[in-house]
Structures are given as structure tokens and as C-alpha cells.
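See below for the structure under consideration.
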Amino acid sequence: MPEIDEIKSDLSFVREVVDRAETPSAPASVYFLWAGLVLVGWPLGDFFPDAAGPFWAIAGPLGGVASAWLGARWARRVGQGSRALGARHVLHWTAMIAAVFLALPLHASGQISQVGYSRLILLLIALAYFTAGLHLARPMLWIGLLVAACYVAGFFVDAYLWTGSGVVIATSLAAAGVVGARHGRP
């Protein structure tokens, strides 16, 4: 009967891999990474606005590379290595970064103010998280909705918009990481 136990064990492993493959997600470590970056970087917009751009110009790409590395390492560890899914993540977030940079001439040419540009970035981030939640990792859907709520709140509360939004988003990212870790996505 040891053969039957071995077959059951093998089938159980296959079932777990299939279950994880049916619900694409991201490792908890990626959520924690971005929670930390957001908690540091977003308040810069309120307290040191001149430092916010340079911070994100460095932290954004480095965070993206670190996220790709953490995601690839996690995918191999859980037996879910999909180059196609990894490529979708990279393309999705690269498109968001490109949209932010493509909007920069609107501000530089005076067509929108610094406040308008900042809020446009917030709207683009909300859209990026929401669509990532639809197509890549479900927890990002509700994070996108929270970012959208922060965007709307910006029309009513002007003081410390970036700090408040940063705390909300960092908390939601950390919560997604904790939930992910509980479900076996280290």
C-alpha cells in the first residue's frame, strides 16, 4: 500500500499546483516591498516635493527590478514558473510608468498645473492597480479602488493628500502581503 500513499501524495501536490495556477497572484514579498516604498515615497510629495521625483525615478525602476526578481524566485519555488505571466506583469507596470512619463509634457508645457499632474499620476496608479487586479493578481483590484478613493478625496482634502494616500496604500499593500503569506505566497 505504500504505492497508493505515494500516488495520493503526488496527486495532492499536482492539485495544489493546479489550484494556485488557477488564481494568479504575486508573492507577499512584493506587496511588502511596495508598501515600504510607498510609505517613504508618497509623503515626500507633501513634505519634500522636490525630492519626490528623484526618489521615484530611482526607487520605481529598482523596485520594479526587485519585484521581477522576487516574483520569478517565488514562481520557481511554488512550481508556477510562467514566463507569459511574468511578461504580462512587466509589460503592465512598464505601461503605467510610460503613461506617467508621457503625461509629464502636459505639466512641462503648462497645460496642467503641478497639482493637476500629481492627481493625474494618482489616477493612473489607480487604473494600473485596478486592471492588475482584473488580469494579474486579484488583491490589486481592491488596492486600485482604494487609490481611486484617495484620488477622489483629493478634491475635498488638499492638505497632506500624498501622506494620507501613502498610509492608506501602504497599509493595503501590507495587508495584501499578510493575506498572501497566510495563503502560502511568501
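Taking the side chain as every heavy atom from C-beta outward, L44 and P49 never approach each other to under 4.5 Å. Within the 4.5 Å cutoff, no side-chain heavy atoms of M96 are placed close to those of F101. Residues L104 and V100 are not in side-chain contact: their nearest non-hydrogen atoms beyond the backbone lie 4.5 Å or more apart. F32 is not listed as a side-chain neighbour of L173, based on a closest heavy-atom distance of 4.5 Å or more. The shortest distance between side-chain heavy atoms of W42 and L37 does not fall below 4.5 Å.
Here the closest heavy-atom approach between residue S165 and residue L122 is recorded as OG-CD2, 4.4 Å. Counting all heavy atoms, side chain and backbone alike, A176 lies closest to I143 at CB-CD1, 4.1 Å. For Y129 against G144, the heavy-atom pair with the smallest separation is CB-CA, 3.5 Å. Annotation for G166 and V38: closest pair O-CG1, 3.5 Å, computed over non-hydrogen atoms. Smallest separation of non-hydrogen atoms from M140 and A132: SD-CB, 3.5 Å.
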Practice prompt. Decide side chain to side chain contact (heavy atoms under 4.5 Å, CB included) for W93 and R88; before the verdict, give the C-alpha distance in whole Å, the side-chain angles of both, and the deciding distance to 0.1 Å.
Written response: CA-CA 9 Å; W93 296 108; R88 281 199 316 260; over 6 Å; no

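Under a hydrophobic clustering in which Ile, Leu, Val, Met, Phe, Trp and Tyr are joined whenever their side-chain heavy atoms come within less than 4.5 Å, directly or via other members, L106 and L127 fall into different clusters. L161 and V115 fall into different hydrophobic clusters, where Ile, Leu, Val, Met, Phe, Trp and Tyr are joined by side-chain heavy atoms under 4.5 Å apart, directly or via other members. Cluster membership for L120 and I97, using ILVMFWY side-chain heavy atoms within less than 4.5 angstrom, is shared. Both L124 and F155 are assigned to one and the same hydrophobic cluster, defined by single-linkage of ILVMFWY side chains at heavy-atom distances under 4.5 Å. With hydrophobic clusters built from ILVMFWY side chains whose heavy atoms lie under 4.5 angstrom apart, L146 shares a cluster with I125.
In this structure T171 satisfies the side chain to side chain contact (heavy atoms under 4.5 Å, CB included) test together with V167, sequence neighbours excluded. Checked against side-chain hydrogen bond (donor to acceptor under 3.5 Å, both in side chains), T131 has no partners two or more places apart in sequence or in another chain. Residues satisfying the ring pair (Phe, Tyr, Trp, His ring centres under 6.0 Å) criterion with Y117, sequence neighbours excluded, are H107. Taking the ring pair (Phe, Tyr, Trp, His ring centres under 6.0 Å) definition, one finds that Y160 meets it with F47, sequence neighbours left out. By the ring pair (Phe, Tyr, Trp, His ring centres under 6.0 Å) test, F55 is found to be paired with no residue, residues two or more places apart in sequence or in another chain being considered.
The side chain to side chain donor-acceptor pair (under 3.5 Å) pairs that include a residue from residues 140-159 are R119-D158, where partners are two or more places apart or lie in different chains. Residue pairs that meet the salt bridge (Lys or Arg N to Asp or Glu O under 4.0 Å) test with at least one member in residues 29-46, sequence neighbours left out, do not exist here. Under the salt bridge (Lys or Arg N to Asp or Glu O under 4.0 Å) criterion, no residue pair touches residues 49-75, with sequence neighbours excluded. Pairs passing the salt bridge (Lys or Arg N to Asp or Glu O under 4.0 Å) check and including a residue from residues 101-114, sequence neighbours excluded, do not occur. Contacts classified as salt bridge (Lys or Arg N to Asp or Glu O under 4.0 Å) and involving residues 54-70 (residues at least two apart or in different chains) are not found.
Here the CD1-SG distance, from I169 to C150, works out to 4.0 Å after rounding to the nearest 0.5 Å. Separation of atoms NE2 (H135) and NE2 (H89) is listed at 12.0 Å; rounding is to 0.5 Å. Note that CG of L123 is 12.5 Å distant from OG of S118, once rounded to the nearest 0.5 Å.
In the hydrophobic clustering, where aliphatic and aromatic side chains (Ile, Leu, Val, Met, Phe, Trp, Tyr) are joined below 4.5 Å either directly or transitively, L141 groups with F130, L134, L145.
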Side-chain donor/acceptor pairs under 3.5 Å, residues 57-71, sequence neighbours excluded:
| from | atom 1 | to | atom 2 | distance (Å) |
| --- | --- | --- | --- | --- |
| S67 | OG | W34 | NE1 | 2.6 |
| S67 | OG | G63 | O | 2.7 |

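Side chain of H92 to main chain of L136: no donor-acceptor pair is present (N/O by atom type, distance under 3.5 Å, no hydrogens or angles).
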